[in-house]
Protein chains: 2
Amino acid sequence: MSDIPFSLDQLRILKAIAEEGSFKRAADSLFVSQPAISLQIQNLEKQLAVPLFDRGGRKAQLTEAGNLLLAYGEKIITLCQETCRAIEDLQNLQGGTLIVGASQTTGTYLLPRMIGLFHQKYPYVSVQLQVHSTRRTSWAVANGQVDLAIIGGEVPLELQEILEIIPYTEDELALILPPNHPLAEQETIVRDDLYNLNYITLDSQSTIRKVLDQVLTRCQINTSELKIEMELNSIEAIKNAVQSGLGASFVSVTAIEKELKMGIIHRAHIQGVEIQRTLSVIVNSNRYRSKASEAFIKEILPQFCSENHLASLDRLSKKNKDSFTQDKKIIIES
Amino acid sequence: MSDIPFSLDQLRILKAIAEEGSFKRAADSLFVSQPAISLQIQNLEKQLAVPLFDRGGRKAQLTEAGNLLLAYGEKIITLCQETCRAIEDLQNLQGGTLIVGASQTTGTYLLPRMIGLFHQKYPYVSVQLQVHSTRRTSWAVANGQVDLAIIGGEVPLELQEILEIIPYTEDELALILPPNHPLAEQETIVRDDLYNLNYITLDSQSTIRKVLDQVLTRCQINTSELKIEMELNSIEAIKNAVQSGLGASFVSVTAIEKELKMGIIHRAHIQGVEIQRTLSVIVNSNRYRSKASEAFIKEILPQFCSENHLASLDRLSKKNKDSFTQDKKIIIES
DNA sequence: ATTAAATATTGATAAAATTTATGTCAGATA
DNA sequence: TATCTGACATAAATTTTATCAATATTTAAT
């Protein structure tokens with residue numbers, strides 16, 4: 001009966017091709033030869049009796065059926081990985097993997113500290129950190145590719161039902177200036193000073209930009225009048241640019257601790273303006289929660305959580321659904 | 001990286017054992033020998049480094065890990081079966097997407113009717129209509145972003161080799177006037193009358209403008225002497241403007257059926273001048289043609305095709321690359 | 001026309017799964 | 001206790017499948 005006309009390997013190959021964009025690179029990423037890929041895909045196409053790629057000689061593009069299979073294949077692979085981890089966890093916490101997602105700022109300055117602590121406690125659990133946009137991170141959590149994430153922006157509307165979103169702590173954004181900037185002399189600066197600065201920022205799609213827009217607008221600052229001199233895609237790069245006197249920027253205070261101490265960047269205080277955003281932890285409560293992620297939530301997260309949010313974090317750590325482990329006892333006997 | 005330590009076959013074996021209650025009967029139900037089952041389970045246990053059965057000689061009982069894997073395995077198998085069904089459905093036109101491209105006029109007045117018919121016949125296929133310039137539409141077909149398109153202008157030179165361009169039907173452009181315009185009284189008007197009108201047109205890059213220029217020039221009308229009063233970017237807007245007495249315009253007769261019937265727009269006939277353009281179907285024969293687009297070409301297009309072009313349309317529908325149906329050579333030999 | 005990049009093809013080889021035949025073991029039978 | 005039996009394990013041979021190296025084909029770019 002119900003023969004399945006494809007193998008997991010074939011699905012993984014398909015996924016690799018989609019990710020790498022070519023048979024050859026997929027072959028490299030899977031550490032096999034290119035013909036192996038070609039042949040597996042050909043077998044797959046034969047078995048399904050559907051072409052999966054449009055071969056235009058130089059590049060191969062997924063057909064509609066190919067895309068469909070890819071989408072399902074990714075789901076299947078994710079489920080298989082979840083299976084592996086469930087079994088690993090069953091053994092103990094002497095192995096397994098924890099995958100944490102984060103956005104630029106939290107991923108660079110907050111999570112490394114957390115992961116360090118976790119690693120000290122559970123040295124046999126391998127931890128992965130994936131830094132992506134809020135949007136992509138949210139989807140990764142929803143799909144189960146990531147166990148939990150800490151983000152600073154809004155979760156896409158379509159995921160707000162699915163994900164557990166727990167306010168976690170406040171992140172303060174600071175205006176930073178080169179230390180030799182005239183305004184750096186003053187104790188505080190005033191709103192109008194903001195219009196005379198040149199800014200270096202992340203790209204306009206970034207969460208920090210969106211949050212900044214919102215908060216500044218609320219403080220009666222017209223963000224469209226701020227002169228943006230340069231857009232860079234890394235916070236470290238921005239800091240270097242500011243330090244070199246190229247302009248001002250807004251960054252999380254957690255990102256500039258070192259630089260402030262060394263006096264190579266100046267933090268300006270704006271009279272009557274305080275820019276805060278709330279960082280949130282997101283998890284997918286409908287999925288199996290691994291022992292490792294349970295431990296992270298219970299033992300690491302509280303150490304960095306602001307007090308007013310500790311209660312909701314605690315509630316989360318109690319909400320682990322024991323998915324579907326014991327709903328079937330099968331005993332083989334005569 | 002993420003190697004999956006089990007195969008779908010192994011999961012199916014595990015499931016069969018659970019269902020049948022013994023290795024031997026599982027073997028029978030899967031039409032393989034009993035050792036095959038034993039070995040596969042042993043491999044599985046080796047790869048997962050977990051015993052799945054408690055062997056007590058006569059009977060084998062699932063361990064906790066075995067139960068866990070079984071529960072996940074069943075989920076995975078179900079998802080795989082769903083995948084098969086989705087792909088089968090796509091073949092049988094019980095799903096999938098058809099993307100049709102068109103220019104303003106055809107997209108507004110011709111294609112909606114076609115798509116309506118198609119949708120009646122294949123309600124589970126979702127149809128998308130993309131209205132763009134001839135140029136952009138042509139590229140979309142070349143890239144495979146659009147399955148097929150109907151256009152009124154010239155395909156860019158660099159794509160003429162790649163695309164199949166099939167003359168499809170003639171579209172007549174009519175001069176339209178406000179019904180209370182003095183010229184609307186006359187049975188026909190003469191060429192020189194054209195120079196005394198104010199025109200409302202699409203922008204000068206539009207296909208209709210280019211075609212119009214060509215055809216009118218061929219009729220010895222100096223298009224640069226025609227007074228263009230206004231450029232609008234929608235045909236509906238143009239009709240409304242003409243109707244309100246703002247000027248004259250040239251539009252496809254298919255665009256003004258309703259208005260003529262209601263008498264709110266007047267169509268003027270110019271003595272000795274008939275403005276026609278040829279609409280063409282374009283497809284990319286080098287790409288896999290989805291079942292849905294095949295059906296559209298075979299069953300919908302002919303209904304709106306002018307007779308003199310039916311033959312070439314028919315030729316097109318036979319030119320589908322039967323990709324890999326024919327390579328199932330079965331050779332019988334010793 | 002030539003080159004370069006990407007995929008397909010081929011024939012040899014290695015790896016894996018399956019089979020047949022046989023071995024082992026626990027418990028039922030006598 | 002000895003023996004039989006049903007259920008799984010093991011071994012060697014066989015078949016099937018996957019992989020590789022080498023090479024051909026195709027096509028886009030120069």
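Bear in mind the structure is a predicted one, so any value in this text is a computation, not a measurement. We name chains A, B, ... by the order of the sequence lines, and we start the count at 1 in each one.
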Sole candidate of Ile150(B), Thr169(B), Thr137(B) that passes side-chain contact (heavy atoms from CB on, under 4.5 Å) when paired with Thr106(B): Ile150(B)
Specify the separation, in whole Å, of atom CG of Asp54(B) and atom P of dC25(C). 18 Å
Below 4.0 angstrom from OP1 or OP2 of dA18(D), is there any side-chain N or O of Asn43(A)? yes
Assuming nearest nucleotide by heavy-atom distance, tell me which of Ser38(B) and Val32(A) is located more 5' along DNA chain D. Ser38(B)
Nearest whole Å is fine: how far is dT27(D) P from Glu161(B) CD? 13 Å
Distance in angstrom units between Gln42(B) CD and dA17(C) P, rounded: 12 Å
Using a strict cut-off of less than 4.0 Å between a Lys/Arg side-chain nitrogen and an Asp/Glu carboxylate oxygen, indicate whether Arg25(B) and Asp28(B) qualify as a salt bridge. no
Given Phe6(B) and Tyr72(B), is the ring pair (Phe, Tyr, Trp, His ring centres under 6.0 Å) satisfied, shown in steps? CA-CA 12 Å; Phe6(B) 51 80; Tyr72(B) 272 102; 9.3 Å; no
In whole angstroms, the gap separating C1' of dA18(D) from CZ of Phe31(A) amounts to 18 Å
When Gln34(A) and Asp9(A) are each assigned the nearest nucleotide of DNA chain D, the 5'-most assignment goes to Asp9(A)
State whether Glu164(B) and Arg289(B) are salt-bridged, where the test is any N-O pair (Lys NZ or Arg NE/NH1/NH2 against Asp/Glu carboxylate O) under 4.0 Å. no
From the options dA6(C), dT7(C), dC20(D), select the nucleotide whose nearest atom is closest to the side chain of Arg25(A). dA6(C)
For Glu20(A) and dA5(C), give me the distance from atom CD to atom P, rounded to whole Å. 18 Å
What is the separation between atom NZ on Lys24(B) and atom C1' on dT19(C), rounded to the nearest whole Å? 14 Å
Is the shortest side-chain N/O distance from Ser22(A) to OP1 or OP2 of dT7(C) below 4.0 Å? yes
Would you please say whether a donor-acceptor pair under 3.5 Å links the side chains of Gln34(B) and Ser38(B)? yes
dA8(C) phosphate, OP1 or OP2: any side-chain N/O from Arg55(A) under 4.0 angstrom? yes
Starting at atom CD1 of Ile37(B), determine the distance to atom C1' of dT20(C), rounded to an integer number of angstrom. 16 Å
Taken to the nearest whole Å, CG/Leu39(B) to C1'/dT14(D) is 14 Å
Would you say Ser33(B) reaches dT18(C)'s phosphate, i.e. side-chain N/O to OP1/OP2 under 4.0 Å? no
